[in-house]
Amino acid sequence: MGYEMLLIKSPHRMESRKLGLALLVGFCIGVVTSFISITLSTAEQQFSWTYGARANPSPEINPHPRMSGRSATGVIRMNQTSSSTNYTAHSTVQAKDDAAELASGKETEEANHGENAAEGVQHTTQKQQTIESKPPGTGDHFNEHIGFDRAEAPKAACDLSNPRTDVCELHGDVRIHGKSSSVVLVSADRQPRNPERRRSWQIKPYARKFDKAAMAHIQEVSVGSSNGLGNDVPRCTTNYSVPAVVFAIGGYTGNYYHDFTDVLVPLFITSRRFDGEVQLVIATKKLWWISKYEPILRKLSRYEIVYSGSDDRVHCYPHAIVGLHSHKAMSIDPARAPNGYSMVDFTRFMRSTYSLGRDFPIRLGDDGGRKPRLLLIPRQGTRRFTNFQEIVGVVEESGFEVVVAEAKMGSKVAEVARVVNSCDVMMGVHGAGLTNFVFLPTGAVIIQVVPFGNLENISRSCFGYPSEDAKLHYLEYSIREEESSLIEQYPRDHPVFKDPKSIHRKGWNKMGEVYLDKQNVKLDVNRFRPLLQKARQLLHR
């Protein structure tokens, strides 16, 4: 009653209180509602960030840089050179001409496909590095001998930038069909969005790309990738668990020097890192050549050679290299070679292959007065010594034991290798015989006699720089006009003598005809004698 009376008695006062109370309750409800809304929004955002981080893990730098830039899916991380800010954008990276979509939505083309098939994108001052991106739960499965196995995302890349050679490297389901001269990487991506997507390259797997004459008879190999949805993918006939190296032995093979500079040295660079766990796939079947260098080939691979030329079978591998890496004439650049291999490693490999006993030459003063052995290469064709016996005499007078030997057609490489390795100095006129420096002990001396005709640069490229790369001592003796048989063929005022460069400008064939095919040498033994003394001094070191 009292309560009711109070209400009846003070209607205006009660309405004011009810209004205030309602406003207060409404305000509180609004505050609580806003708080709950903000909390839920924050939680949802946090959940979203967390899920996103798990679904798209931050990529890590590839610990194997030679494999960078070849994944079917990847992330391009751009590191600003002027600050520590990082920009990340997802991309599809399959070959050097793929477009990369940046975070801003702009596109740039990949360029500068270098020797290691690394691909990059240049954008203002930013430096970019291609990094692999894997689906959640995918492991690395990397083996230092065979690279990434089939569990790794398929990838293919071709380096066409090297003037000496083209090389393609494929990881994944690689299928080689010899009869059609094709190598196909089958992608695990079976999505129908790009059923016809396929990339392809045409290369000749012989390491002398710059020489049109040598490459004219080398058959092209088609290297491509496919998602396997079309009818262009051959079915596997034979499966292998080791990588394959595909190459040709055409061109100038048969010439001793070219056998090494165009095939054997590049093959060492390309396949030695697998330590024998690799199969050689040769596009041309030259059994005489295989027989000649069989010890080397068997040392590089423990498996039977596959001759792919007319083979209708389909050979399937987890990894394949088509073409041979080549850096320079008759040598290796350790900065570009797998495992830092050098010509020292190559010559050591050759001594091991042929079971040669000497790793180092005689050290004068420490060997009981025994004479150092000098191998003199006489040459029977052009560029031969016309005063050979006189040369033998001055060499013996200079304190050397002279060994005369020249490999002939049909000579066993093993026999030649043993003779060369037994010597401390090797001497000869510029020619294929000097290729045998690969069997000399490390620290031995090689003397190249350079015929007249401005041939110093050519001679050094062929044997001077390579022998120095092999840690041999290189000495050079250049023939003068009066020591050349050309004085019997041309007047002394002829451009052959007065302007050798004009002969060079007429092309290799004309230059070779004059200075290589028509020239013999008569060594001035008195002018040559000091060089022999220098060779002895080098053996004291």
Side-chain angles (χ1 to χ4, degrees), residues 364 371-406 423-437 440 444-465 467-468 472-504 511-540:
L364 295 183
K371 291 182 179 181
R373 289 163 60 89
L374 185 147
L375 174 62
L376 184 56
I377 302 173
R379 290 187 64 88
Q380 299 302 315
T382 61
R383 283 164 281 147
R384 56 187 177 81
F385 294 114
T386 58
N387 58 336
F388 187 79
Q389 292 303 321
E390 186 180 14
I391 295 171
V392 170
V394 74
V395 171
E396 291 178 336
E397 290 173 8
S398 299
F400 292 93
E401 176 187 346
V402 178
V403 178
V404 179
E406 181 185 19
C423 296
D424 308 291
V425 181
M426 183 173 72
M427 169 187 167
V429 182
H430 173 76
L434 293 179
T435 305
N436 287 307
F437 79 80
L440 284 171
V445 181
I446 177 172
I447 302 174
Q448 179 170 210
V449 177
V450 181
F452 179 82
N454 195 35
L455 300 177
E456 282 73 15
N457 287 338
I458 295 173
S459 300
R460 290 168 193 159
S461 295
C462 291
F463 302 111
Y465 303 135
S467 63
E468 290 178 331
L472 301 177
H473 298 290
Y474 174 73
L475 298 177
E476 185 177 282
Y477 181 88
S478 294
I479 293 296
R480 293 177 176 173
E481 293 180 26
E482 58 271 16
E483 296 173 282
S484 171
S485 64
L486 293 175
I487 61 175
E488 301 169 4
Q489 305 172 49
Y490 299 95
R492 298 297 285 269
D493 59 353
H494 194 279
V496 164
F497 298 110
K498 296 300 182 183
D499 188 12
K501 290 185 179 180
S502 68
I503 307 299
H504 283 255
M511 182 281 296
E513 176 188 345
V514 174
Y515 294 122
L516 298 178
D517 297 341
K518 293 184 176 181
Q519 182 175 191
N520 294 318
V521 300
K522 182 178 181 180
L523 216 63
D524 183 339
V525 295
N526 292 323
R527 190 166 75 91
F528 183 69
R529 196 186 304 269
L531 203 66
L532 291 170
Q533 295 304 318
K534 186 171 184 179
R536 282 187 60 89
Q537 293 171 7
L538 291 172
L539 294 175
H540 278 283

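Between Glu406 and Arg379 there is no salt bridge, since no side-chain nitrogen of the basic residue lies less than 4.0 Å from a carboxylate oxygen of the acidic one. Ion pair Arg527/Glu483 flagged as a salt bridge, since at least one NZ, NE, NH1 or NH2 atom sits closer than 4.0 Å to an Asp/Glu carboxylate oxygen. Salt bridge annotation for Arg529-Glu397: present, with a cationic side-chain nitrogen under 4.0 angstrom from a carboxylate oxygen.
One N or O on the side chain of Arg383 and one on the backbone of Leu516 form a donor-acceptor pair closer than 3.5 Å. A donor-acceptor distance shorter than 3.5 angstrom exists from the side chain of Asp424 to the backbone of Arg373, with no hydrogens or angles considered. A donor-acceptor pair is defined here as one N or O able to donate and one able to accept, closer than 3.5 Å; such a pair exists between the side chain of Ser467 and the backbone of Gly464.
Among all heavy-atom pairs drawn from Ile377 and Phe385, the shortest one is O-CE1, 3.6 Å. When every heavy atom of Ile487 is checked against every heavy atom of Glu482, the shortest pair comes out as CD1-O, 4.1 Å. Between Cys423 and Leu375, the shortest heavy-atom distance links the atoms SG-CB, 3.7 Å. Taking both residues in full, the closest heavy atoms of Met427 and Leu434 are given as C-CD2, 4.5 Å, listed atom of the first, atom of the second, then distance. In terms of heavy-atom proximity, Gly431 sits nearest to Phe463 at O-CZ, 3.1 Å. Contact between Gly381 and Asn520 at its shortest, heavy atoms only, is O-OD1, 3.9 Å.
The side-chain heavy atoms of His430 and Val449, taken from C-beta on, include no pair separated by under 4.5 Å. Between Lys534 and Ile447 there is no side-chain heavy-atom pair separated by less than 4.5 Å. Contact check for Val445 versus Tyr474: no side-chain heavy atoms found under the 4.5 Å cut-off. The shortest side-chain heavy-atom distance between Thr386 and Ser485 does not fall under the 4.5 Å cut-off.
When only modelled atom types and interatomic distance are considered, Thr382 and Gln519 share no side-chain donor-acceptor pair under 3.5 Å. Residues Tyr477 and Gln448 have side chains that never bring a donor and an acceptor to within less than 3.5 angstrom of each other.
Considering CG of Leu531 and OG of Ser398, their distance stands at 10.0 Å, rounded to 0.5 Å. Atom-to-atom distance recorded for Arg536:CZ and Leu374:CG is 11.0 Å, nearest 0.5 angstrom. Arg492 CZ to Leu486 CG: the interatomic distance, rounded to the nearest 0.5 Å, is 10.5 Å. Put simply, CG on Leu538 and CG on Leu475 are 5.5 Å apart, with the number rounded to the nearest 0.5 Å. Expressed to the nearest 0.5 Å, how far OG of Ser484 lies from NZ of Lys518 amounts to 12.5 Å. Taking CG from Leu472 and CD1 from Ile446, the interatomic distance works out to 7.0 Å, rounded to the nearest 0.5 Å.
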- Message: Would Phe388 and Val404 count as a side chain to side chain contact (heavy atoms under 4.5 Å, CB included) here? Give the steps.
- Response: CA-CA 10 Å; Phe388 187 79; Val404 179; 3.7 Å; yes
- Query: Can you list the steps and then say if Tyr515 with Val496 is a side chain to side chain contact (heavy atoms under 4.5 Å, CB included)?
  - Reply: CA-CA 9 Å; Tyr515 294 122; Val496 164; 3.8 Å; yes
- Message: Pair Asn454, Glu456 - check side chain to side chain contact (heavy atoms under 4.5 Å, CB included), show working.
- Response: CA-CA 6 Å; Asn454 195 35; Glu456 282 73 15; 4.2 Å; yes
- Item | Criterion side chain to side chain contact (heavy atoms under 4.5 Å, CB included) on Leu440 and Val425, from CA distance to verdict | CA-CA 8 Å; Leu440 284 171; Val425 181; over 6 Å; no
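Taking the centre of each ring, Phe497 and Phe452 come in below the 6.0 Å mark.
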